[in-house]
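Structure, as structure tokens:
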Amino acid sequence: MADSDVGAAGDAYGGEGGGRRSGRAVTVAAAGVLALATLAVGCGPQDPGADALGQPSAPATTAPPAPSPSPTDDGKGATAGATTEPATTTPPASPSATPPTAEPVTAPPPTARPSTAPPSPQILMRTGSEGAQVRELQARLRQIGHFGRTPTGYYGTVTAEAVRSFQAKRGTEATGATDAVTWRKLLAMTRTPTADELDPPTERPVAKPDERCLTGRVLCISKKSRTLAWMVDGRVVSAMDVRFGSEYTPTREGEFPVFWKSRDHVSTLYDTPMPYALFFSGGQAVHYSADFAANGYGGASHGCVNVRDKAKVAALFDQVKNGDKVVIYW
């Protein structure tokens with residue numbers, strides 16, 4: 001408002017009949033002030049805190065427009081109503097006046113419920129396990145008719161099926177893996193195996209040795225009895241079960257010298273492990289076979305002499321020397 005306008009308004013207010021004219025002037029001036037205040041709030045940056053609480057700025061949104069003067073109003077009454085109503089009828093917003101839905105509601109985190117399911121029993125042995133405890137497992141299962149072979153110390157499909165049979169008969173889950181519950185049940189039903197039960201000479205009776213086996217250091221291998229006897233000067237030092245090649249890959253018969261030892265050998269033709277290999281004729285060797293230990297005579301070799309008792313063939317490997325004889329006969 002210009003200075004000349006302010007002076008004119010003062011003159012009008014002091015003259016006769018100026019009440020009405022000055023009332024209109026003051027009303028217009030008040031409305032202009034309110035309009036300027038409204039623009040200042042609406043165009044400026046808003047208070048993030050007030051916005052988050054849902055609290056609008058009181059001067060910008062809650063003040064009603066100044067009432068227009070009516071024929072019954074005198075100028076002073078209209079002016080008074082326009083200048084005092086926003087301050088007396090619209091108190092500033094306060095946290096207590098915030099609508100209950102203004103603040104975001106955060107749900108409490110869910111309370112974890114304790115599990116009621118019993119913990120799974122600890123697995124002690126399973127397919128692929130090896131060692132003395134597996135040998136004891138096999139010997140104990142054999143005592144009660146669930147394992148019909150000589151213990152080998154290797155947990156293969158035959159052992160898993162024997163365990164599964166035992167579990168099903170005892171009313172536990174038949175998984176084929178030996179857990180702590182299965183082991184405790186088996187211990188309660190069996191006795192400690194003897195040395196011969198744990199490590200018998202062979203599952204099959206050793207055949208009468210060929211005459212070529214009676215002198216010197218000889219791996220005496222009978223296809224008829226499917227046994228290998230490690231003999232020194234006619235005396236059997238150790239014996240073990242063996243299997244041979246199929247009709248398409250037969251194991252050669254005759255007398256051969258051991259010409260190469262390979263403890264951790266892997267077949268270059270079939271990419272299969274051949275631990276404790278004692279080569280005697282080309283690529284044919286006496287060696288440990290995990291497949292034989294797992295599946296027994298259900299399979300065959302590619303011409304090698306397979307041994308299924310890992311501990312025995314490991315001891316044999318350490319005793320045999322290059323140049324010792326290998327005799328394979330019927």
Side-chain angles (χ1 to χ4, degrees), residues 126-131 134-135 138 149-161 202-204 206-207 210 212-213 216-231 237-330:
R126 54 161 57 94
T127 300
S129 299
E130 295 183 72
V134 175
R135 188 179 292 272
Q138 294 166 335
R149 299 186 178 182
T150 298
T152 64
Y154 181 82
Y155 203 121
T157 56
V158 174
T159 304
E161 187 57 38
T202 178
E203 183 176 300
R204 300 174 179 276
V206 177
D210 185 274
R212 293 170 290 180
C213 300
R217 297 161 59 90
V218 188
L219 293 172
C220 195
I221 301 170
S222 169
K223 283 190 170 181
K224 182 177 182 178
S225 66
R226 294 190 284 190
T227 58
L228 179 156
W230 166 232
M231 302 181 67
V237 178
S238 64
M240 56 206 75
D241 297 326
V242 292
R243 73 176 184 183
F244 307 99
S246 68
E247 60 179 313
Y248 304 105
T249 56
T251 302
R252 302 181 187 102
E253 300 165 21
E255 182 178 334
F256 313 91
V258 174
F259 67 88
W260 183 33
K261 297 172 60 176
S262 180
R263 184 179 297 272
D264 298 308
H265 193 78
V266 177
S267 170
T268 57
L269 288 176
Y270 304 103
D271 194 29
T272 54
M274 297 170 56
Y276 307 109
L278 302 167
F279 287 91
F280 59 85
S281 177
Q284 294 189 357
V286 175
H287 68 84
Y288 170 72
S289 169
D291 180 75
F292 184 27
N295 301 310
Y297 290 100
S301 75
H302 290 97
C304 289
V305 179
N306 289 166
V307 181
R308 64 181 173 187
D309 192 316
K310 192 173 186 178
K312 286 186 176 182
V313 74
L316 180 68
F317 183 89
D318 290 337
Q319 296 173 45
V320 173
K321 302 175 182 178
N322 286 338
D324 289 344
K325 288 190 298 183
V326 178
V327 175
I328 303 177
Y329 65 102
W330 276 99

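Counting begins at 1 with the first residue of the sequence. Only this structure's heavy atoms are used, side chains among them; waters, hydrogens and symmetry mates stay out.
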Qualifying residues under side chain to side chain donor-acceptor pair (under 3.5 Å), relative to S262, sequence neighbours excluded:
H265
Taking the cut-offs as 6.0 angstrom to the six-membered ring centre and 45 degrees off its axis, would you call K261 and F317 a cation-pi pair?
yes
Could I get the full list of salt bridge (Lys or Arg N to Asp or Glu O under 4.0 Å) partners for E253, not counting sequence neighbours?
K223
At what distance, to the nearest 0.5 angstrom, does CD1 of I328 lie from CG of L228?
9.0 Å
Closest approach of G299 and R243, non-hydrogen atoms and distance?
C-NH1, 3.3 Å
Between R135 and D309, does any side-chain N to carboxylate O distance fall below 4.0 Å?
yes
For a quick test of reading the model, state the closest non-hydrogen atom pair linking A207 to T227 and the distance between them.
N-OG1, 3.8 Å
Drop me the distance from Y154's OH to K310's NZ, to the nearest 0.5 angstrom.
8.5 Å
Name each donor-acceptor pair under 3.5 Å that joins a side chain in residues 271-283 to protein atoms two or more places apart or in another chain, with its distance.
from, atom 1, to, atom 2, distance (Å)
S281, OG, R252, NH1, 3.1

May I ask you to check whether over 12 heavy atoms, not counting those of D264, lie within 6.0 Å of atom CG?
no
As an exercise, state the distance from CH2 of W330 to OG of S225, rounded to the nearest 0.5 Å.
10.0 Å
Taking all heavy atoms of G303 and all of T251, pick out the closest pair and write down the distance.
O-OG1, 2.8 Å
Q138 versus T159, side-chain donor and acceptor atoms under 3.5 Å:
yes
Inter-residue atom distance Q319.CD - W230.CH2, 0.5 Å rounding
7.0 Å
